[in-house]
Amino acid sequence: MNVRRSAAVLAAVTVIGAATPAAAAPSPSPSQAFPSALYGDKDPKFDGVWRQSLALLAQDTVGEKPAAKSVEWLVRQQCEDGGFAAYRPDPTAACDAKTMLDTNATAAAVQALAALGGQDAVADKAVGWLKSVQNEDGGWGYAPGGASDTNSTSVVIGALTAAGEKPDQVDKGGKSPDDALLKLALPCGGDDDGAFAFQPDKKGELTANADATAAGVLGALGQGMVVKAGKKSDADCADPRTPQQAAANGAAYLTQTLAKDDAHLTSALAGSDPQPDHGNTADAVVALAAQGETAQAGKSVRWLEKNSAGWAEQGGPAAYAQLIFAAHATGTNPRDFGGTDLVKQLNATGPAPQAPEQPSAADKKDDSDSTSDFFGVWWYVGVCLVAGIGIGFLFTGRRKSRQS
């Protein structure tokens, strides 16, 4: 699954009683067929809507028009109240109290559908559901009612922005998403200056988390997954009293952390050796680019170009989408990403995008006629002009002849 939501999913495991993390989901057997409209061939139980949304959003970002049936599949995953579950194997069955709705999946779907256009009713309904499950502190948890976390709050902020809302004005009891994020930002003056925590621990203390920091920077900037390079801030680390300061602090933390490990982030699971974290590195690139830290973003995207092919192949559509977002944010060509065509690889994980519309024969004829008419008019004007000049010389010659 997409590592961006790994922390949120792990936190939700306790809430929803899931026994197996999505990353360990097996590939389908011949008797376990998944919808043909779905991107990826691994069990979508925990990430179907998420990876579909990222795949469609990435295709739109690079100018591809997703297959109509893939968009329709995503739309049909929505429950009547507007929320999305991680995956509904039978979308014809009504959602009920047992349907585990997912703020991350819902927010990702909104970002994708808003970008694609033509699905305003679906996106607006989803936004309405997200507002209805906002926590009293202004943020969101992975599951409705769960404690607010940086990742979930930030992806919802991205959805609100995509839908034309002003996130700082979406409040619950006077608390906005910005208030929730600022409570999760670490102060300056320690080893983890400016980072974001995923959630407070049992003692209420904050622990720096690179994944959450990448998400928090985007959330504090009010941006979603698709960004353009922003303007760099030269502000030093200061108390995160405003979203802008928190974003600058978080970007500085990411820059320092990336510089320690050859431009990439590192994950260390209990009982295993540290490994390069490709997914969170891609997310960090997007966050840094949005904050205007293009130098470090460029170094890290070049590391991804050299080292991410195997990871992306194993990760599937969401992984390819993350790399496409990183490439887009840094102005890197996603069709030649370290020798890999990310767009081609993504498209190969699901239904082929729609072919570009070709002009009809009538349109071509109209264009041809217009061109012919254009040149015909100017040919006529030119002839008249030459004739006029000739006549002018003739009259001038006659006058000179008479004068002499």
Heavy-atom donor-acceptor pair, [X] side chain to [Y] backbone, under 3.5 Å:
X    : Y    : result
D193 : G189 : yes
T161 : G222 : yes
T103 : W140 : no
S70  : A37  : yes
Q223 : L218 : no
T99  : C95  : no

Those residues that, when tested against T61, pass side-chain hydrogen bond (donor to acceptor under 3.5 Å, both in side chains) (two or more places apart):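 If we apply the side-chain hydrogen bond (donor to acceptor under 3.5 Å, both in side chains) test to T61, skipping adjacent residues, there are no hits.
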T106 vs L101, side chain to side chain contact (heavy atoms under 4.5 Å, CB included): CA-CA, chis, key distance, verdict: CA-CA 8 Å; T106 303; L101 298 181; 5.7 Å; no
Partner set under side chain to side chain contact (heavy atoms under 4.5 Å, CB included) for K45, not counting sequence neighbours: D43
For the [atom1] atom of [X] and the [atom2] atom of [Y], what is their distance to the nearest 0.5 Å?
X    : Y    : atom1 : atom2 : value
K166 : I157 : NZ    : CD1   : 15.5 Å
Q291 : L288 : CD    : CG    : 8.5 Å
S53  : Q77  : OG    : CD    : 9.5 Å
T340 : Q345 : OG1   : CD    : 6.0 Å
D137 : K175 : CG    : NZ    : 8.5 Å
Y253 : T213 : OH    : OG1   : 5.5 Å

Does the side chain of [X] reach to within under 4.5 Å of the side chain of [Y], using non-hydrogen atoms?
X    : Y    : result
D336 : N333 : yes
H264 : T266 : yes
D41  : F34  : no
L342 : R335 : no
S267 : D211 : no
K69  : P351 : yes
Q134 : P177 : yes
N104 : S152 : yes

Side chain to side chain contact (heavy atoms under 4.5 Å, CB included) assessment of M225 paired with L54: CA-CA 9 Å; M225 302 178 195; L54 265 65; 3.7 Å; yes
More than 12 heavy atoms from other groups under 6.0 Å of CD on Q354: yes
Heavy-atom neighbours of D201 CG exceed 12 at 6.0 Å: yes
side-chain hydrogen bond (donor to acceptor under 3.5 Å, both in side chains), paired with Y39, selected from Q59, Q52, R51: Q59
Passing candidate, side-chain hydrogen bond (donor to acceptor under 3.5 Å, both in side chains) with K125, options E80, Q78, Q119: E80
Stepwise side chain to side chain contact (heavy atoms under 4.5 Å, CB included) check, T332 with F337: CA-CA 7 Å; T332 305; F337 194 80; 4.0 Å; yes
Heavy-atom pair with the smallest gap, counting every atom of N135 and G141: ND2-N, 3.7 Å
Heavy-atom closest contact (V49 atom, F84 atom, distance): CG1-CD2, 4.0 Å
Residue pair D239 / Q245, side-chain donor-acceptor N/O under 3.5 Å: no
Donor-acceptor pair between Y142 and D102 side chains, under 3.5 angstrom: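 Note: Y142 and D102 side chains meet the donor-acceptor criterion.
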Plane angle bin for H278 and W311 - parallel if under 30°, tilted between 30 and 60°, otherwise perpendicular: parallel
Trace of the side chain to side chain contact (heavy atoms under 4.5 Å, CB included) decision for V226 with L57: CA-CA 8 Å; V226 180; L57 181 58; 3.8 Å; yes
